[in-house]
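Counting convention: from 1, in listed order, for ligands and their atoms alike. Just the heavy atoms: all of them, side chains too, but no hydrogens, waters or symmetry mates, feed the values below.
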Amino acid sequence: MSMTRRELTKLVTRLEAGVPLSPELYARTGNARILGITGPPGVGKSSLIDRLIDELRRQGKTVGVIVIDPTSPISGGALLGDRLRMQRHSDDDGVFIRSLATRHHHGGLTDATPQIIHALDAAGFDIVIVETVGTGQDEVEVAEVADTVVVVLMPELGDEIQRAKSGLMEIADVLVINKSDLMNAGAARQETRRPKQGQRWERPTLRTSAKTGDGITTLCHVADAHHAHLAASGQLAGRRERAARAEVIRLLQSRMTASILCALGASRPQTILSAVAKRKLDPYDAAQKLWVEILGSKNRSHKYVATNSR
Ligand SMILES: Nc1nc2c(ncn2[C@@H]2O[C@H](COP(=O)(O)OP(=O)(O)O)[C@@H](O)[C@H]2O)c(=O)[nH]1
Ligand SMILES: [Mg+2]
């Protein structure tokens, strides 16, 4: 590791507060494999990650974990359960686990998530695992940052989850049915078909039990195979480009929002807005007028530059 645990902890706290990663650290990223683990609450994502850490450590790999779970009942996303479960790794310098605060957050990623992934990458972790809750709308976000997306489900999910599943299926590189220990023996049969080599990745379905440890080694192999497939087919570079693009677009969006809010405070935009309220102007025309106004003034001066710049 090129950073002490203390330094990394401090760095992640700063990133969470919105301070950008330094260009020097960003230049050191791109070596870690990013593994996204998503799925409905309670299917056993954190328990599986705990098992994966054991397996990866046995292989001599170092692991960083970022947990984002707004469904946690504990305020601010302090995931007591996850902390306790993964606590046993806390003396291991090859493992770093961080739960992100998700207060007022809708699910998916937090704004700082890509930056924190970069930090763990720069710190030298071989694998960075990102756990998110797949609620049916936001799971595409984890696909924006991960090289490999593992979608976790469990037997006998309710109707609501079945509906959410279709969105999850779109992003799954590997599908895991966890809690296979709860299934009857016939159904629990491990699917052994290994993905074929070639251009197209045929998404495998694996059965695991985080309780007994069944299927964890296979899951590790399949995740390795997917990454090897991405690298060999040239798709890894494409995914990394997509991730970079998504991250920059998010940053541009927050700057734009800040600029718009700032510009709307001026007196002319205020007049336009009250004209809409008084039904003298329709919202569409107002947006068009303000668009010209805001972009025009941005071209003339830097008056509306967002506060979150470096
Ligand atoms: N029987 C059984 N229970 C499991 C398994 N994996 C997780 N659990 C339990 O399911 C509950 C939710 O697990 P957790 O890992 O917190 O799920 P997450 O919300 O997806 O992260 C906990 O009580 C776990 O002990 C499994 O493979 N079999
Ligand atoms: Mg969890």
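A side-chain donor-acceptor contact under 3.5 Å links Arg203 to the backbone of Met169. Remark: side-chain polar atoms of Lys45 are not paired, donor with acceptor, to backbone N or O of Val152 under 3.5 angstrom.
No side-chain donor from either of Ser180 and Ser209 sits under 3.5 Å from a side-chain acceptor of the other.
The shortest side-chain heavy-atom distance between Glu247 and Gln115 falls under the 4.5 Å cut-off.
Each of the following atoms of ligand 1 lies closer than 4.0 Å to a heavy atom of Ser209: 27 (O). Residue-ligand proximity, Glu131 to ligand 1, at heavy-atom distances under 4.0 Å covers atoms 21 (O). Here is the list of ligand 1 atoms found below 4.0 Å of a heavy atom in Asn178: 5 (C), 6 (N), 26 (C), 27 (O).
Contact annotation for Leu182 and ligand 1: only side-chain heavy atoms (C-beta onward) come within less than 4.0 Å of the ligand. Only the side chain of Asp181 comes within contact range of ligand 1, with a heavy atom under 4.0 Å; no backbone atom does.
Backbone and side-chain nitrogen or oxygen atoms of Pro41 are examined, and none is located within less than 3.5 angstrom of a nitrogen or oxygen of ligand 1.
Using a 4.0 Å cut-off between a side-chain N of Lys or Arg and a carboxylate O of Asp or Glu, Arg240 and Asp147 qualify as a salt bridge. Residues Arg5 and Asp93 are paired through a salt bridge, judged by an N-O separation under 4.0 Å between the basic side chain and the carboxylate.
Within Glu131, the N, O or S atom lying nearest to the Mg ion (ligand 2) carries the name OE2.
Below 30°, between 30° and 60°, or above 60°: for Phe125 and Phe96 the angle between ring planes is between 30° and 60°, a tilted geometry.
When the heavy-atom distances from atom 8 (N) of ligand 1 to Lys179, Lys211, Arg51 are ranked, the shortest goes to Lys179.
The Mg ion (ligand 2) has Ser46 among its coordinating residues (N/O/S atom, backbone or side chain, under 2.8 Å).
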